[in-house]
Amino acid sequence: MKPIEYEGDKSRIYSTAGTGETMAEIMARRFSRRSVLASSTVGAAAALLGAKDASAQSTPVAATPGATPVGTPGATPVAGATFRFSSLALQGGDTPIVPEGYSVVPFLRWGDPLFTDSPAFDPAAQSAASQARQIGYNCDYIGWISLPIGTDSSDNGLLVFNHEYTNPELMFAGYLTANPEYDAADEESPEFLANPTQEIVDTELEAHGLSIVEVKRDESGAWAVVLDSEYNRRISATTPMTLTGPVAGSELAKTTADSTGTEVIGTLNNCAGGTTPWGTVVSGEENFNQYFANLEAIPADSPVRAIHERYGLPDGASDRQWETFHPRFDLAQEPNEPIRFGWGVEIDPFDPTSTPKKRTALGRNKHEGHTSVVSPGGNVVIYSGDDERFEYAYKFVTAGAFDEANREANLDLLDEGTLYVAKFNEDGSGEWLPLIQGEGGLDDAVGFASQADVLVNPRAASDVLGATKMDRPEDFETNPVTRKVYLVCTNNSNRAVEDNPGTDAANPRPENRSGHIIEITETDDDHASTTFEWDIFLLAGDPADESTYFAGFPKDNVSPIASPDNITFDALGNIWISTDGLPNTFEEANDGLFVAVTEGEDRGNLQQFFSGVVGGECSGPVFNPDNTALFASVQHPGEGGRVEDPVTLWPDGEGVTRPTIVLITKDDGGPIGQ
Ligand code: FEO
Ligand code: CA
Ligand code: CA
């Protein structure tokens, strides 16, 4: 399909009707106490980029030659971070696009081998056994950990990446069949019916989870998977795991198969994740609710029913129908099984025999984020969003300190500490409210008799504390150069709609279709602090729409963007933003990857670097340490189609479409974006 040029369709301009205030007025009020938008800064940036047309390709986006790093961790940022490449226009189609001078290749596809004995991918004959030896489906998070351990090698490392969910209609021929009773005039009438079998469901279980693969770059610059690496491993929805921390062993965590309340089978719906300073990965279990069925079978006065209702478990059959083949997904038989999902799962990639640990001290929700940072006092701080409309943003601060000299001493640090939820005040200040049983009204009278009760339902506890309900908080991480923290809110079209919560300073747009990013500065640059200041960094959308905001950068010089989702940072402190749902704002355009300057005179300059594949979100961007390789996932390409009626056959051009991690490099071998 021919790429389409973005032409800035004015009919897509976002309406601020109903607020009684224009977005310009909201932002002016919001920023009146700050000097970050000093007109001299904006003027200088505008002059630099005055000739640029955001809709044109092959236009250099930064005129500052020789970009220099903006500082070292903890240091005061210095103006000058920027990037140089030819910005893309929004486009559709099924060919991934990168700027001139760069290359993008499919690197790790669903079904690819990660062991020397992995069976060849055969979409017509996938089985649970073959899938267990192959790369899983729909990667959301990618982490890079250098090899050997403790080094910052850029040529050799482990990619630890997860497999959020399966699209059986794109994986298995015959999964969907025509509904004989389909009524086109009836919106409730499905055109197709699902036909899962035991083998299909068991294959799906093995396609979930995570993969760990060693990758290596040779002297010619070519990257490859090391198939005989001792580290390569598949973790799936059938891998034994241990529940650790305050919820382990509690009554709510016990099931027929596990009277100890500590031994869980598998991990599900792993979305954004993060690495720890000791070289483990924490992967977030997100929409675990979709795997369970028959909530209506649990008595209305059962405490666990109220918990499940808050997390959106279905009343009757699940869409996936796994409960038909595995009773643990049937709430009528196992009402507590879902309590064992919705956690941050810590995996030690350096010990392939290690049992993954579900760290309950981090709280249970639809987890995102989990990137960590060490505070000046040595505590490790993990930020995490709960990705649902009107849910909350959290951070966890370990009780113990990180020990750089003794890796073993850190391996259970995440079992003890304090979980906080964010409250954003109108004046740009903020508070981290501790979720501690017995404090702030979190007591027996409102259903919190123990810390375990708080941690299995931090949503309800955060309601009690009066935390701020956010617009789908997703990735949440620290800029390693400036130590500022960025919270990505993907979107929330229900904001201020009907009975839903109205706008607030941190979620300022009604019907927030395009999402935003908040920038947090912890007090004294201490990530363990209980107070912070915050700004809006980005209000995404069509730059021609008056409700958008690009950290004060002139809007006629930026790329359109919508539904920011995952972020990472380059060595200069620029923020790289992948999107999930951009086509909801810009029809016919694909999700992609964008970069924005966070400091200095180009702050807020945002440009598109990568355009993905029809039907697929872009997720998990991560660089190797010297930024010469960029890995990003094209998740669920072709969503909306079926095996029998595909929207795309990318990347192979035959068979079935395959979710794929792509590898992006600069043709001269240099650092990406510079
Ligand atoms: Fe799996 Fe919130 O995205
Ligand atoms: Ca996501
Ligand atoms: Ca990230």
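Counting convention: from 1, in listed order, for ligands and their atoms alike. For the numbers below, each heavy atom of this structure counts, side chains included, while hydrogens, waters and symmetry mates do not.
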Original post:
Does the distance from a Lys or Arg side-chain N to an Asp or Glu carboxylate O, for E169 and R642, drop under 4.0 Å?
Top reply: no
**OP:** Report yes or no: do Y392 and D463 form a side-chain donor-acceptor pair below 3.5 Å?
**Re:** yes
Original post:
What N/O/S atom of E474 is the closest to the Ca ion (ligand 2)?
Top reply: OE2
Original post:
Do R320's NZ or CZ and the ring of F292 fall within the cation-pi criteria of under 6.0 Å and 45°?
Top reply: no
Subject >> Distance-only donor-acceptor check, side chains D348 and T280, under 3.5 Å >> reply: no
**OP:** Using ring-ring contact (aromatic ring centres under 6.0 Å, His included) as the criterion, point out the one residue from W576, F631, W144, F569 that pairs with F623.
**Re:** W576
**OP:** Give a yes-or-no answer on whether the side chains of H163 and S211 include a donor-acceptor pair shorter than 3.5 Å.
**Re:** yes
**OP:** State plainly whether the residues E285 and K358 are in salt-bridge range, i.e. N to O under 4.0 Å.
**Re:** yes
Subject >> Contact flag D387/the Ca ion (ligand 2), N/O/S atoms, threshold under 3.0 Å >> reply: no
**OP:** Sum up the protein N, O or S atoms located under 2.8 Å from atom 1 (Fe) of ligand 1.
**Re:** 3
Subject >> the Ca ion (ligand 2) to D565: nearest N/O/S atom name >> reply: OD2
